[in-house]
Structure formats: C-alpha cells, structure tokens
Amino acid sequence: MDWYLWMLLGAVSFLFLPDDSKQEAGDNLLLAQVKELPSGVLIAEYDWLVQDVVLLLQATHSPRGHAYDGPDFLTSRPGYKLRLRLTTGHTNPADGLNYIGLWFSVVPGPYDESLQWPFPYAVNMTIVSRKEGFHSVHAALERCRTRPGLLEGEGCGTPFLIPHEHVLDGPFLANGALLVRATVFLEEKSLIPKRTRIFMRANRLVSEFLWQVDDLPSPGLPVVSPPFQLDNEGYLLQLQLTFSSEGVGLFAAILPSAHDSSLTWPFALPFELALLDRRGTVDPTAGGTCPQAAFRKPHANRTNPPCGFRRMGTLKALQARALNGSGVVARFTAVLDQVPQVAGLAFRDQYLVAEYTWRVPHIERKLQLAKAGRLSNLLSERFFSSQQGYLMQLQIKFQNHSMGLYLTLLEGANDPSLQWPFDKRFSLLVLDQREAGAEHVGVSVEPTDPQVGQEACPGSFWRPFGRNDACGSAHVLTYDQLYDKKFIRYGAILLKVVIYLDEVRPPRFASLIFQENHLSARYEWFVPDLLDKIRRAREGRLAFLDSEKFYLSNNGYRMMLRLYPEKGPGFVGLYAVLTRGVYDSELRWPFPHAYSLEVIMEGRPPLRRTTHPGSGCPDIAFQRPDRELSEWSCGEGHMVAHETLLGVPEENWNRPVAETEEKTSAVSNPNSLVPHAFTEKAVEMDLDEVPSVPTDQPIRKKQKPVGVRFAITVFLQELLPPVASLRLENGVLVAKYSWVLPDATANIGRLQSREKNRLESSVFYSENQGYAMRLALSLSRRNSLSNDEQVVGLFWTLQTGQHDNALQWPFSSIVTLSLVGRIASLQRVIVPGSSKCPMEAFDRPQGPNNEHSCGFASLLTLSELFSNYAQNNMLHIKVTITLS
C-alpha cells in the first residue's frame, strides 16, 4: 500500500506541474508529425534518414549482425518517447540471406507518468521506396505492449524485413541514404468498432455480440450490422441479414483491420450464429459449411466472402417478431479459448509417458472435402503433457491423397519453468479400432537427433512464442489405408500422441575392471542381425543404431554407443556419445578420460581404437550435455569395414538372435518423417522412403543373422603407473624404461590395415614424482625414385601426470630412444631446444597428453624392422632420460 501511495502522489505531482516545466522537458526532443488519414485514423509519423547504408551493409561481418540506433522522438507533446533501431547482417535460416530488420523501443520520457500503460498503439515500420511505381516495404507491429525499460535486445520489430541485396539493387536508396518511416496509429476519429462481451461458459472463454435489428428492409435488400471486434486486438467482423425466397439468412464476414498482421490466419475459432431461436455452428477447421476463402486474411479495403446459413427462419416470422415489440436480435458467439485438457500419465516400456487421444468425428465427410481440395488440415484441442507440463496440439494435414500427422508446441503458462529445447521422444499414432489383432500405425520423433531437430524440424522444439512449427510425418496413412485396416469406427478415427517423459527402469552400469594398469569401466553391446542392418544401410534405409544408455560407475558419467553404417560398400563407424545423467552437477567437466572402442567377432582378434579428449574430436563432444544427448560424439568413422564383417565364418551364422520388441523410433527424412522400429537394446534410424542405393558388392541374399559385440573401455583412474629405473652411468643419473611389444607381426599388421593409427606404450613416469610420458610406433609410406616402401616411425610424447604442478617446465632433459636389435641397437637422441621438434612438444600438457609429439617419422623401413630388430616376434624399445 505504501508503494501505491508513493506512485499515486508522484503521478499527481507531475500532473500539477506548470505547463512550461513539462514543455521544457520535451523541448530538446524530436517530434513526430501528427496527421489524419482519409479513413479518419489519427497517426504520428516520423522519418529517419539513414546515411551511408552501403557502408553499413558492407561492414557487416558478425554472425549475429549489427544494430544501429536511430534518434529518440515523441509521438506528440505530451506523448510517448520512442527510439528506432536498424539491424543488418542477420541471416535468415529460411533462405540463407542477410536481412535488414527494423525495431522500435519505448524509452523513458518526460510525460510517462501522465500516459496510459502499457503502450497501447499499433506501429508500422516502413522502408520507403524512393522511386515512383515501386512499393515500399512494411512491417506492422500491433502487439508490442510494454513499459519503458522493460524491453530486451532490439525491442519490438522484425529481424527479416528485406534482404541486403534487395536494398542495394532496388528502389530504396537515394544518394546512399535509406528512408525509414515509423507510423504510430494514435486513434480513429471515425466510428470505433463495437466490442463483444467476453465471459466464461462452462470451461470455454466465449465472445458474444448481440445485434438488434430495429427496422426491417424490403425483401431482397441485405442488412449489415455495425463492425465489431472479438476482443481489444482481435478479429474485426460484421453480421449480415439476407432475404430471399428460401427465407432469412444470417452470415458473418471478416473485415480488414489494423490488427490483422498480428493475428493467426486462417481464422480458426469455432462460432455460432443464432436468430429466431434457431442456431447454426461453424467450425472453420472442419470445412464444408463455408469456403476456405471466408477465413483467410482479408485484403485491404475488401471484406472476405460471408459465411453462415441461408435459412435461419422465414421473413413472416421475422416480421411477426418485430411487430410484437420484442424486437429481432441476432447473436454471434465465438469460442476464444478453452481450458486445455491434460494428458494422462502411464507406464510404458519402462518409461513414464503422457498419452493424449483425439477423436476425430465425421472422418468420411472430411476425407471427401480433402479429396475435393476444400479441406487441408484439422487441429485438436490444446492439451498439457502433464499438470505443469508443455502445452501442445495435434494436427492432421491432408495432401497428395495421404493423411499427415503432426505435433505442435504452443506457448503455455508453465514455459518459464520447463526445459528448452523440448527433447522428449514422442510417437504419433493412428489407432486400429478392431477389438482383436489391432495394428496401430504411426511415426516416432526423436528431437535430440540432429537430422530431426536441426534439419527436418529446425523451428519446432525451442521455447514457443505463440506457436512453433509442427513436426511429424506427411505420409502416415493413405486415404485407402484408412478403410483397409479398419481405423474408422462409428464414423470417427482415434489419434494418439505418446510422450516419453522419464525413464523409470533401474539404470544400467558398466562393469569395473583392471586393465592396462587402470581402473576401467567396460560396457559390451551385442547387436543381433548386424548383417541385415548393414544391408538396410547400404540400401539407404538405416541411418544409425544406438545402444541403451549406461553409467560408467555409481555417481558417474552417463553415455551410450552409436553405430553409423555407411551407404554402399564401406565402413561401420563406432562412436561414444555423452548423455545427460543425474550426477552431472557433481562431476568434472569437460569429460577427462581416455577410452578404447572395440569390435569383437568370434574367431578374430578384437579391433580396437583408443581416443581421448583433445585427440581431434570437437571440444563440445566432451562438455556437459545441456540436453538428453550431447550434440557431438567422438569415435572412429572407419571402425570396421563391411567386408570384414561379411567375412565372418558361415558356421558362426547360426548364433541365436536375441528376442526383440518392436517399437517406434525417430525418423530423419528432412522432407517427411517416416516410421521405423527399434529393439530394446538398439535404436535404429530407418529411412524406408529413401530410394535404394545400388552397390558394387551386393550382400548374399540368403545370409543368416550374425551378431557382433561392440565394447567401450573407459580408463577411469591410473592405479600404479610404471616408473623408469634409476642408475648412475659415468657419473650421470639416468632413468631407463623398456617397452616390449609382443606379437609384432599382428600389431604391425593392424597398422598396415589402418585398423590402428599408431601403437602406444603404457604411460610411465621418468622417476618417482617425475614426468609422465608415452612411446608410440607409427607406419607411413615413403616415396622415392627407386621404390615405394613403408617406413616405421618412433615418437615420444609428454602426458599429464600427477606431479606436474611441482615440476619445472618446459621439459629440458635429453631423451634417447633405442630400438634393440639382434646384433646392435638403433639409437636416436632428442635434445630439447636444439632438436627439430616443435618447442611446444616440451611444454606442460594442457589435456590428457601434449598435442605435439617429438620423434622420427622415418626411423627405418618395415623390412629392416623385421629382419634386424624383431626377436621371437617381439620388439624391444628402450628410452633413456638423462636426469642430471
């Protein structure tokens, strides 16, 4: 109450200030020109001449564009103080062009305390054509209702008004200047439209207009009501009585108004017309009663075709009602809003799901209208996914003799407390209404899949302002399929959306093991029918497969594996994807652990790739996920070749195939989302509508299912790292470490087949509390005039160690690398500061390892390695560090 009294006293004191004091407050401000339009509308018009526009457009290099503020001006005296803004270089994702945008903001002014708030006027922003015969470009802003200082960013406006190239090549520049005009619609001196009465009826918010007809005209002449608006900023309509031999008709027509550009078109509010105790209901979304042109946005100075009923009574009854003194009253009632329903909650497939069913009656009639081109879409009632959940709406689209099914996110009261972007998987289903043997048909959408969220439905899952773009499938069922599968019962079809809210099953955990001197987390994923999945990928019908999500440990990171089979003969990629987990706020980010990916096939040695943060994958792949899945993954695109998998011995094809449960999963066709299935342990992206891709090496048709295991081993913690031995040699303290590489033929063979990029030793320390380092062998090809031969490289790399904070940097000790041979050893010396290695190779590592290695790429040829240095199929490599 004290605050209210202070505000009231402040407003009263301002009102009683001397007029000359108020005048001085606004004398230094520019003033818009107030004029009256021929239609009787009073406007305030202000022109802003923007100089050197060509230079402004050429200077735009920022991804978010640039903003240029114009002058402040008053709409009148007293009046509102406005500020204009022009933005350039904002890229429109719809066409990839850079656009000019126009904005206005309400800023604190000298008369604010005596004005009406929030700001009540509509504003038109115009880029004026400077040549005769060319049209100007307008942006109408009718819903910018605010107080000064409450707007963020550019203010009220549009970022995509006109492309740069249209400005440079069009009629808008004169002497390099652009004329921007702001038009504020202050009031109308002509007849102000009547307002309807708005009230609640049951659970609906309705708008009602009563029109009393006092004087009845002669038959044949129509009578029109005064214009009326559904609410303060709503649609402008007019009623019409017609008289003919069929009787008295009552119609409603939509008129053009200043608010049309901010309204939703086509007009979709159901309404009722009543006259002489007779009523008729019109649903604009259902079609049939009136042409669709009646509900489209009206052109300026022209009304839409009327919509209504030709026979609402007889002229005799109408005259009798007028003569008895009770008068004739026509009534128009529109449903403005309906309290949204709430989807039901259930458990399905170990998920807490929200389910909403929409019954669409008279579907045969609607199909006939769709075939005739008179009906294109239907909208369900709005509903919440839960009591405090997302506001949604289902939509049917009829096109190309198919029925499409979509889900739309709407602006809801709970949006500030919800998570954005929306990332819940959902399924859209047409229910088979047979009592037995029901086969539902539908599509499932995974918003976290980049092909869906960024390509097929890029504007569908961010926080909505009004309503988002719909996302779903354009081809769920054909018209004929609706009848063939008994989807229609009692003249209606049932549509259902199932939203997977939360996983309620116990979480999966990787196994903790000791491996390579580390405490490691290992998870194995068995993929049945892998050869069949490769065949589908080579035909273009499968995009990827996902494992289930698993935790590395209690209170640990959560991740999953993803397979990418290439189209055509090629490779299968294996990636690790971080997923959102319940312990993320307590963990270290970015993800710090190295990990190894494996392909395990019977009768063959495992194929293994080791990677770690900083090894070439984007940094975002290891950041804390802000949605269900990280936007990037890290792994190996050429993990295993198709031909390697196809070479599995035939006797192993009889492996039992795990039972699978058919489900519906995400789709990634950017033109239309299509159905596909996934098993309990593997999600498949199935692209059934993509044409088959011819292959040079077709897979044998009569293959039996083959299962392959994929695994990931995450090295969580180093237990007892090896430490080089210390000794005195000629009065010098040196540290020596030996790396013995067993099965040299098989290991070098993996380098030759490119199954591995390099062979690496374990991490070892130069001494207790010393430097951490690692050795590595590589294989490359050296071209010379005489021959083309493979050469072996030997490298030394600093690793992040436990004692780095107490050590001196950069590393300065001499390192000697020795390849022990049968007769003699091959030695190479690395001297920090005088070697050809980059100086960064001796700096303290910023990630798990130093990004720069030091070594010798062409140490010796492959033939020399095996003839002189391989003993008992082993390689013995020594490193000596001179400590003092």
Side-chain angles (χ1 to χ4, degrees), residues 30-62 65-76 82-105 121-142 144 154-186 256-262 265 296-302:
L30 299 173
L31 188 64
Q33 182 181 2
V34 179
K35 60 176 70 173
E36 183 178 352
L37 298 179
S39 61
V41 178
L42 195 65
I43 65 171
E45 191 174 85
Y46 178 78
D47 288 345
W48 172 28
L49 193 63
V50 185
Q51 301 288 349
D52 300 326
V53 172
V54 176
L55 296 179
L56 295 182
L57 299 186
Q58 293 177 347
T60 301
H61 298 291
S62 171
H66 292 282
Y68 307 95
D69 286 333
D72 297 348
F73 67 96
L74 292 173
T75 58
S76 59
L82 304 183
R83 176 179 300 160
L84 303 183
R85 172 170 287 190
L86 181 141
T87 58
T88 62
H90 196 166
T91 303
N92 189 342
D95 55 15
L97 298 178
N98 288 336
Y99 273 70
I100 283 181
L102 290 182
W103 313 77
F104 82 90
S105 299
Y121 300 137
V123 178
N124 274 7
M125 305 290 291
T126 306
I127 295 180
V128 180
S129 173
R130 313 297 290 276
K131 295 181 182 179
E132 295 183 1
F134 293 88
H135 295 289
S136 301
V137 179
H138 303 276
L141 311 171
E142 281 93 358
C144 293
E154 295 87 353
C156 296
T158 174
F160 308 125
L161 182 58
I162 184 172
H164 287 188
E165 59 187 35
H166 290 183
V167 174
L168 296 174
D169 300 336
F172 304 99
L173 293 181
N175 298 323
L178 192 70
L179 181 59
V180 175
R181 177 171 294 160
T183 305
V184 184
F185 293 84
L186 300 177
S257 76
H259 307 293
D260 287 349
S261 61
S262 61
W265 299 101
R296 294 173 183 157
K297 182 179 178 180
H299 295 285
N301 303 320
R302 189 173 69 187

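Computed from a prediction, not measured in an experiment: that's the story for all the values here.
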(message) Looking at every heavy atom in both Trp48 and Gly70, which two are closest together, and how far apart are they?
(response)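 Answer, listing the atom of Trp48 first, then Gly70: CZ2-CA, 3.3 Å.
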(request) Grab the two heavy atoms, one from Tyr68 and one from Thr88, that are nearest each other, plus how far apart they are. (result)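 Smallest heavy-atom distance, with atoms named: CE1-OG1, 3.4 Å.
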Could you tell me the separation between the [atom1] atom of [X] and the [atom2] atom of [Y], rounded to the nearest 0.5 Å?
X      : Y      : atom1 : atom2 : result
Glu45  : Phe73  : CD    : CZ    : 10.5 Å
Thr87  : Leu102 : OG1   : CG    : 7.0 Å
Asp69  : Ser105 : CG    : OG    : 8.0 Å
Tyr46  : Thr75  : OH    : OG1   : 13.0 Å
His138 : Leu161 : NE2   : CG    : 10.0 Å
Thr183 : Lys35  : OG1   : NZ    : 8.0 Å

Can you check whether [X] reaches [Y] side chain to side chain, under 4.5 Å on heavy atoms?
X      : Y      : answer
Asn124 : Phe185 : yes
Met125 : Leu84  : yes
Phe104 : Val184 : no

Please check: side-chain N/O of [X] versus main-chain N/O of [Y], any donor-acceptor pairing under 3.5 Å?
X      : Y      : answer
Trp265 : Asp260 : yes
His164 : Gly89  : yes
Ser136 : Ser129 : yes

(message) Using the side chain to side chain contact (heavy atoms under 4.5 Å, CB included) definition, which of the options Val128, Leu179, Val137 pairs with Phe172?
(response)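 Output: one option passes, namely Val137.
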(request) Check step by step if side chain to side chain contact (heavy atoms under 4.5 Å, CB included) holds for Ile43 and Val34. (result) CA-CA 6 Å; Ile43 65 171; Val34 179; over 6 Å; no
(request) Could you label the plane-to-plane angle of the Tyr99 and Phe160 rings as parallel, tilted or perpendicular, counting under 30° as parallel and over 60° as perpendicular? (result)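 Perpendicular: the ring planes of Tyr99 and Phe160 meet at over 60°.
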When the side chains of residues 49-57 are checked against the rest of the protein, which donor-acceptor pairs come out under 3.5 Å, sequence neighbours left out?
none

(message) Looking at Asn175, I'd like to know if its CG atom is crowded, meaning that more than 12 non-hydrogen atoms belonging to other residues, nucleotides or ligands lie closer than 6.0 Å.
(response)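 Counting neighbours around CG of Asn175, 12 or fewer heavy atoms of other residues, nucleotides or ligands fall under 6.0 Å, so no.
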(request) Decide side chain to side chain contact (heavy atoms under 4.5 Å, CB included) for Ile100 and Leu86; before the verdict, give the C-alpha distance in whole Å, the side-chain angles of both, and the deciding distance to 0.1 Å. (result) CA-CA 7 Å; Ile100 283 181; Leu86 181 141; 4.1 Å; yes
